[in-house]
Number of protein chains: 2
Amino acid sequence: MNVQLSNKKEAIFESTLKLVKEHGFHGTPMSQIATHANVATGTIYHYFSSKDELIVELFKYCRLKMGEHVFKIDKGFSYKERFFHIWNSLLEYYADHQDVFSFFEQFYSSPYSELVKNKEITEDFNADKMMRFFEEGIANKEIRNITFYSFISAFIGTLTFLVRSNQYGLYQADEKDRSDLIEIIWNGVKNQ
Amino acid sequence: MNVQLSNKKEAIFESTLKLVKEHGFHGTPMSQIATHANVATGTIYHYFSSKDELIVELFKYCRLKMGEHVFKIDKGFSYKERFFHIWNSLLEYYADHQDVFSFFEQFYSSPYSELVKNKEITEDFNADKMMRFFEEGIANKEIRNITFYSFISAFIGTLTFLVRSNQYGLYQADEKDRSDLIEIIWNGVKNQ
DNA sequence: TGCAACCGAATGAACGTTCAGTTGTCAAAT
DNA sequence: ATTTGACAACTGAACGTTCATTCGGTTGCA
């Protein structure tokens with residue numbers, strides 16, 4: 001996939017992220033996105049055939065960007081170290097890109113996600129990488145005999161909830177909370 | 001809060017749940033809710049002053065109903081038993097009420113949740129009960145020294161992710177997955 | 001008889017999308 | 001070196017639809 005974007009297209013993406021976080025999908029009209037991006041309404045339709053396509057393309061773009069950040073880990077680390085690293089990278093990414101997190105949350109819980117379900121879900125490199133990371137752990141007896149979905153529920157679910165609590169303003173997690181949580185998960189999934 | 005609803009009001013609630021699960025908030029017009037509930041459009045406005053109020057009232061109604069189901073646990077069980085029971089009850093409730101789960105997900109990730117944030121969040125009996133359950137565990141040294149939000153992230157986060165995966169059609173969790181997961185969490189949070 | 005419950009067509013605003021036109025760019029032709 | 005032409009990038013007013021909300025009227029019960 002091409003990650004090099006024109007200025008205008010990038011501005012449209014950024015504006016959409018910001019406005020969707022604040023007002024939701026249906027609360028942000030195309031006209032508002034255009035204004036915020038310093039672009040004419042029609043220009044958006046030069047890049048995207050519809051609002052739906054804009055949303056879906058933005059989703060795929062963010063997913064790719066996120067994956068690039070999270071999985072850039074050097075070889076040579078132990079399994080446990082990589083386990084901790086991936087979790088912390090993802091947490092860090094969401095902390096630094098709250099609009100992306102909010103966009104993902106809204107996207108997954110909306111009917112938009114249907115549009116990516118069949119074809120595209122198999123193109124989810126992040127899911128693939130997590131799957132391979134899981135299988136490596138199983139093969140090397142690093143983690144105990146559970147399914148991928150138990151593994152991923154513990155791994156991603158806790159993280160998602162923590163970020164959501166932060167964003168919701170309920171709680172500001174500190175370093176100890178984070179290390180407690182990843183310890184909880186690691187102790188739960190590791191072998192013996 | 002009054003949980004006794006008129007027939008029409010209940011029908012409106014049920015229709016909203018069903019349609020929102022299928023088409024999302026902005027994808028379900030008031031007229032469609034009315035039709036599905038065998039009611040005139042105007043009737044909805046007899047019960048609710050606006051669509052926003054309908055959504056927020058429905059949220060509070062569902063939250064209450066869910067709490068009634070999840071926390072009906074007899075005294076006399078051990079802490080660990082209650083820990084497992086609450087988790088499984090919640091999972092069961094969401095499995096039996098997928099539209100409620102989907103509604104919650106959409107609600108929390110949308111700007112609607114802002115409408116409940118300040119005043120109403122303190123009226124969340126479920127959060128209160130979980131908090132007290134947590135504090136009991138701390139006081140009796142059943143669980144180790146972590147914050148409530150680490151605790152709840154592990155407890156609810158995993159569950160939410162598992163239900164979401166189910167709903168999304170990625171995976172159908174079986175009994176072993178469920179018991180694996182709750183074991184992972186319990187082992188992670190229990191004392192020593 | 002009065003009032004709450006209920007009805008559904010009408011209203012008006014909001015919004016996604018279109019389109020006729022303008023601007024900028026760059027390579028080929030002169 | 002300058003002109004030409006063609007096409008992509010871009011503009012924003014206008015269109016048509018959709019939808020939340022209103023309201024004048026009807027029904028049924030106490």
Side-chain angles (χ1 to χ4, degrees), chain A residues 2-61 103 106-107 110-116, chain B residues 2-61 103 106-107 110-116:
Chain A
N2 185 14
V3 229
Q4 203 60 27
L5 301 181
S6 75
N7 281 345
K8 305 252 171 185
K9 194 169 176 180
E10 179 128 41
I12 292 165
F13 271 171
E14 289 303 324
S15 298
T16 307
L17 274 183
K18 181 177 167 37
L19 293 170
V20 164
K21 173 177 162 55
E22 268 171 55
H23 308 112
F25 286 136
H26 55 300
T28 72
M30 296 294 260
S31 57
Q32 206 180 330
I33 295 173
T35 304
H36 190 276
N38 279 316
V39 146
T41 313
T43 304
I44 302 182
Y45 288 87
H46 178 70
Y47 291 104
F48 309 98
S49 68
S50 68
K51 192 177 183 181
D52 280 6
E53 190 182 299
L54 164 60
I55 299 291
V56 170
E57 288 303 312
L58 178 52
F59 169 75
K60 293 199 269 184
Y61 173 71
F103 180 80
Q106 291 189 55
F107 186 89
S110 79
Y112 279 118
S113 64
E114 294 287 329
L115 300 176
V116 197
Chain B
N2 185 14
V3 228
Q4 203 59 27
L5 301 181
S6 76
N7 281 343
K8 304 253 171 186
K9 195 170 177 180
E10 179 126 41
I12 291 166
F13 272 172
E14 289 302 324
S15 299
T16 307
L17 275 182
K18 180 177 168 35
L19 293 170
V20 165
K21 174 177 161 54
E22 267 170 56
H23 307 113
F25 286 135
H26 56 299
T28 71
M30 295 295 261
S31 57
Q32 204 180 331
I33 295 173
T35 303
H36 190 274
N38 278 317
V39 146
T41 313
T43 303
I44 302 182
Y45 287 87
H46 178 71
Y47 292 105
F48 309 98
S49 68
S50 68
K51 191 177 183 180
D52 280 5
E53 190 182 298
L54 164 61
I55 298 291
V56 170
E57 289 304 311
L58 177 53
F59 169 75
K60 293 200 269 184
Y61 174 71
F103 180 80
Q106 291 190 54
F107 186 89
S110 79
Y112 279 119
S113 65
E114 294 287 330
L115 301 176
V116 197

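Reminder, nothing fancy here: chain letters follow the sequence lines and each chain counts from 1.
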Enquirer: Got a salt bridge between A:Glu22 and A:Lys18, using NZ or NE/NH1/NH2 to carboxylate O under 4.0 Å?
Expert: yes
Enquirer: Residues from residues 23-39 of chain A sitting under 4.0 Å of DNA chain D, heavy atoms only?
Expert: A:Val39
Enquirer: Within the structure provided, determine whether A:Lys8 and A:His46 are in side-chain contact (heavy-atom separation under 4.5 Å).
Expert: no
Enquirer: Looking at the side chain of A:Thr43, which of D:dT11, D:dT21, C:dT17 is the nearest nucleotide?
Expert: D:dT11
Enquirer: How about B:Glu57 and B:Phe13: do any of their side-chain heavy atoms sit closer than 4.5 Å?
Expert: yes
Enquirer: Near DNA chain D, which residues from residues 46-58 of chain B have a heavy atom under 4.0 Å away?
Expert: B:Ser50, B:Lys51
Enquirer: Out of A:Thr16, A:Asp52, A:Ile55, which one pairs with A:Phe25 under the side-chain contact (heavy atoms from CB on, under 4.5 Å) rule?
Expert: A:Ile55
Enquirer: Please tell me which of the listed nucleotides, C:dC6, D:dG12, C:dG8, lies nearest to the side chain of B:Thr41?
Expert: C:dG8
Enquirer: Compare all side-chain heavy atoms of A:Ile12 with those of A:Phe48 and state whether any distance is below 4.5 angstrom.
Expert: yes
Enquirer: Over how many whole Å does the gap from A:Tyr45 atom OH to C:dC15 atom P extend?
Expert: 12 Å
Enquirer: Please tell me if A:Lys8 has a side-chain N or O lying less than 4.0 Å from either OP1 or OP2 of D:dT11.
Expert: yes
Enquirer: Would a 4.5 Å heavy-atom cut-off, applied to side chains only, mark A:Leu54 and A:Met30 as touching?
Expert: yes
Enquirer: For A:Gly24 and B:Pro111, work out which heavy atoms get closest and say how close.
Expert: N-CG, 3.6 Å
Enquirer: In whole Å, what is the span from the CG atom of B:Asn7 to the P atom of C:dA4?
Expert: 20 Å
Enquirer: Quick check: closest heavy atoms across B:Tyr45 and B:Ser50, and the distance to 0.1 Å?
Expert: CE2-CA, 4.0 Å
